[in-house]
Amino acid sequence: QVQLVESGGGLVQAGGSLRLSCAASGRTFSTYNMGWFRQAPGKEREFAAAITRSGGSTYYADSVKGRFTISRDNAKNTVYLQMNSLKPEDTAVYYCTGTPWARGGSYYFAYEYDYWGQGTQVTVSS
C-alpha cells in the first residue's frame, strides 16, 4: 500500500510558476511509475505528466509540454511537477498518482494507476 500526499498548490498570476510535490510512503517508491493528473471544475480528470520508476523517461500532455517538468527523487520518495508559464486554463485540482512498474500501461489513462493522492488546488488568475 502506498500513500501519496501532494503539496505546493496555490494561487498564482498568469505567467507565473509553481512547483508541486508529492511525498510517498513505503519502501517501494522506486518501483513505481508516477504521474500527475488534473481535474478542472465540470471536466473529467486528464493526464498531465508521467515519469518512469528510474526517472529515465517522461511523458507529457500536449497542453503542458514545454511548460511543465516532472521529476523524482527516489531517495526522498518524492515526485515533483514544476509548472512554468502558467495559464488560466491550467486551473484545476492536481492529483499525484502511482502504479507498480510491472503493471505496465501507456501512462496516459487514469485507470492504469493504482494509488492516488487527495489533490492540491492550483488557481491561475488572468
Side-chain angles (χ1 to χ4, degrees):
Q1 188 78 9
V2 174
Q3 290 186 325
L4 304 173
V5 179
E6 302 97 336
S7 61
L11 174 63
V12 64
Q13 288 188 332
S17 298
L18 282 175
R19 188 175 84 152
L20 305 183
S21 298
C22 172
S25 65
R27 296 175 291 178
T28 58
F29 178 75
S30 62
T31 68
Y32 280 68
N33 294 329
M34 302 296 295
W36 289 95
F37 281 69
R38 64 186 185 180
Q39 187 167 18
K43 295 188 177 182
E44 293 188 354
R45 192 170 297 189
E46 65 174 11
F47 170 78
I51 188 167
T52 54
R53 57 178 172 150
S54 66
S57 296
T58 56
Y59 305 86
Y60 297 96
D62 288 343
S63 59
V64 308
K65 198 172 295 182
R67 301 187 298 120
F68 290 10
T69 302
I70 189 171
S71 62
R72 67 190 296 162
D73 185 338
N74 286 345
K76 295 183 178 180
N77 278 18
T78 301
V79 62
Y80 305 97
L81 186 66
Q82 177 67 44
M83 305 184 295
N84 298 329
S85 301
L86 283 162
K87 305 175 181 179
E89 50 263 44
D90 294 317
T91 295
V93 177
Y94 283 71
Y95 296 92
C96 175
T97 185
T99 193
W101 72 271
R103 189 172 181 221
S106 73
Y107 307 104
Y108 295 103
F109 299 100
Y111 67 79
E112 295 175 316
Y113 293 86
D114 291 327
Y115 302 104
W116 293 83
Q118 298 283 359
T120 185
Q121 177 70 47
V122 172
T123 303
V124 184
S125 63
S126 57

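- For Ser54, the side-chain contact (heavy atoms from CB on, under 4.5 Å) partners are Thr52, not counting sequence neighbours.
- Between Tyr113 and Tyr107, the gap from one ring centroid to the other reaches at least 6.0 Å.
- Side-chain atoms of Asn77 come within 3.5 Å of backbone atoms of Gly26 as a donor-acceptor pair (strictly under, hydrogens ignored).
- Side chain to side chain, Asn33 and Thr99 fail the donor-acceptor criterion of an N or O pair below 3.5 Å.
- Between Tyr108 and Phe47, the distance separating the two ring centers is shorter than 6.0 angstrom.
- Other members of the cluster containing Val64 are Val2, Leu4, Val12, Leu18, Leu20, Phe29, Tyr32, Met34, Trp36, Ile51, Tyr60, Phe68, Ile70, Val79, Leu81, Met83, Leu86, Tyr94, Tyr115, Val122, Val124, with ILVMFWY side chains joined at under 4.5 Å, either directly or via other members.
- For Gln121, the CD atom is densely surrounded, since the number of other residues' heavy atoms within 6.0 Å is greater than 12.
- Atom CH2 of Trp116 sits in a crowded spot, with more than 12 heavy atoms from other residues, nucleotides or ligands closer than 6.0 Å.
- Heavy atoms of other residues, nucleotides or ligands lying less than 6.0 angstrom from CD of Gln3 number 12 at most.
- Shortest non-hydrogen contact noted between Thr78 and Ala23 is OG1-CA, 4.2 Å.
- The pair Arg38-Glu46 counts as a salt bridge, with a side-chain nitrogen and a carboxylate oxygen less than 4.0 angstrom apart.
- When all heavy atoms are compared, the tightest approach of Val93 to Gly119 is CG1-CA, 3.8 Å.
- Contact annotation: the side chain of Arg103 approaches that of Asp114 to within less than 4.5 Å [non-hydrogen atoms, C-beta and beyond].
- Scanning both residues, Ser126 and Pro88, for their nearest heavy atoms gives CB-CG, 3.8 Å.
- Closest approach of Ser85 and Ser17 over heavy atoms only: N-OG, 4.4 Å.
- The cationic atom of Arg72 (NZ for Lys, CZ for Arg) does not lie both less than 6.0 Å from the six-membered ring centre of Tyr80 and within 45° of the ring axis.
- Checked for salt-bridge contact, Asp90 and Lys87 miss the test: no charged N lies under 4.0 Å from a carboxylate O.
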